[in-house]
Amino acid sequence: MTKLNKVLSLIILVALAVSCGKDNDANFTLKGNIKGLKKGIVYLQKEGDSSIIDLDSMVISGQTEFSLHTNIDEPVILYLKLHKNDKDEHYIPFFADKGTTEISTTLKTFNYDYEIKGSKQQELLEAYVKVMSSYNHKNLDLIEASFIAQKDNDSITLDSLNNIADKLIKRKYAYTIQYAINNKDSEIAPYLALYETQNANPVYIDSIYNNLNEEIKNSLYGKKLKEVIANRN
């Protein structure tokens, strides 16, 4: 074996050792399948204090399946991002917990039509999003109807639609607050309080936090919610 071959062999062995060590140390794995993707880069990301942090990445060249790995201390929202040499953002948020999460989607419907199998927190988030989708569809119908009323100068109908829209917003907040309280033993509760109820009555936000058990209060989103309440007061 020549000196060059020995050096190359050593480099390969070191690279394999680093790769294997990385996978063995990781307590979270994201397995993905993007049907129709021929070339691109997938990233596993999380939110930092002031920017998005890349946790792992993989170059896609022909294959549609991939695995990404990282370490997480507790359940947290992560992002699967796809870079395919265009100017658009392509990402899927999901609630990760230690273990394995699987995401299946297609190149054409990457952002909006996908299947996720993983944490209990993700299941709760999907159930919540499904209900919120029905509210959002109703809101779109109201916007369309309001546009027509404005065009026709129909102030009576427009006032009526505005009242319905206000009631719809209150119903969305009421559902979110109750859903969080009903799931007080899950990280989904403080997460929803933080990101889905910003304009709700502070009394209800306090109620969500006060109903959390100690474990959830000491979670990432529980601590963030406590900080938000403290800063508000």
Side-chain angles (χ1 to χ4, degrees), residues 34-35 47 75-82 88-96 101-212 216 221-222 224-225 228-229 232:
I34 306 174
K35 186 178 180 180
E47 288 187 14
V76 62
I77 290 289
L78 298 181
Y79 301 89
L80 169 62
K81 179 181 177 180
L82 170 63
D88 296 327
E89 291 287 336
H90 308 279
Y91 66 92
I92 298 173
F94 62 96
F95 228 123
T101 288
E102 299 179 7
I103 296 181
S104 298
T105 186
T106 69
L107 183 60
K108 290 183 179 180
T109 65
F110 182 86
N111 296 60
Y112 57 88
D113 187 11
Y114 46 80
E115 182 179 356
I116 302 177
K117 296 179 181 179
S119 69
K120 294 180 179 179
Q121 294 85 357
Q122 176 62 29
E123 293 177 3
L124 291 172
L125 180 60
E126 288 183 354
Y128 170 78
V129 170
K130 185 176 181 180
V131 174
M132 284 297 104
S133 294
S134 66
Y135 282 116
N136 292 335
H137 286 313
K138 291 177 182 177
N139 188 54
L140 289 175
D141 291 339
L142 288 172
I143 291 174
E144 182 179 1
S146 295
F147 177 78
I148 294 173
Q150 284 180 327
K151 187 177 179 180
D152 295 339
N153 293 320
D154 189 347
S155 59
I156 295 177
T157 299
L158 187 59
D159 288 342
S160 177
L161 291 171
N162 287 337
N163 288 332
I164 295 173
D166 289 340
K167 291 180 180 178
L168 183 64
I169 292 174
K170 292 178 181 178
R171 287 172 57 195
K172 287 176 64 177
Y173 277 127
Y175 179 83
T176 301
I177 292 164
Q178 192 60 53
Y179 192 84
I181 291 175
N182 289 346
N183 293 284
K184 60 185 179 181
D185 297 333
S186 171
E187 290 81 1
I188 192 70
Y191 174 79
L192 292 180
L194 282 166
Y195 299 105
E196 298 294 330
T197 63
Q198 295 95 330
N199 297 320
N201 190 318
V203 171
Y204 299 121
I205 309 303
D206 293 345
S207 180
I208 292 174
Y209 179 78
N210 292 332
N211 275 280
L212 301 177
I216 303 303
Y221 298 116
K224 285 187 175 183
L225 180 58
V228 166
I229 292 173
R232 184 193 70 212

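- Few gaps surround OH on Tyr173; more than 12 heavy atoms of other groups in view lie less than 6.0 Å from it.
- Proximity of a side-chain donor or acceptor of Tyr209 to a complementary backbone N or O of Ala193 within less than 3.5 Å is not detected.
- Ring-centre distance between Phe95 and Tyr191: below the 6.0 Å cut-off.
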*Determine, step by step, whether Thr176 and Tyr128 satisfy the side-chain hydrogen bond (donor to acceptor under 3.5 Å, both in side chains) criterion, reporting the C-alpha distance in whole Å, the side-chain angles of both residues, the deciding distance to 0.1 Å, and the verdict.*
CA-CA 8 Å; Thr176 301; Tyr128 170 78; 2.8 Å; yes

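- Figure legend: Lys172 and Tyr175 shown without cation-pi pairing, the cationic atom not lying both under 6.0 angstrom from the six-membered ring centre and within 45 degrees of its axis.
- Ile229 approaches Ile205 most closely through the heavy-atom pair CD1-O, 4.3 Å.
- Between the side chain of Asn211 and the main chain of Ser207, a donor-acceptor pair closer than 3.5 Å is present.
- Using a 4.0 Å cut-off between charged nitrogen and carboxylate oxygen, Arg232 and Asp206 count as a salt-bridge pair.
- We find the CG-CG distance between Leu142 and Asn163 to be 11.0 Å, quoted to the nearest 0.5 Å.
- No more than 12 heavy atoms of other residues, nucleotides or ligands shown are found within 6.0 angstrom of CD1 on Ile156.
- Residue-environment remark: OH (Tyr195) exceeds the threshold of 12 foreign heavy atoms within 6.0 Å.
- Partner Ile116 forms a side-chain contact (heavy atoms from CB on, under 4.5 Å) with one of Thr105, Ile103, Leu125 and no other, that one being Ile103.
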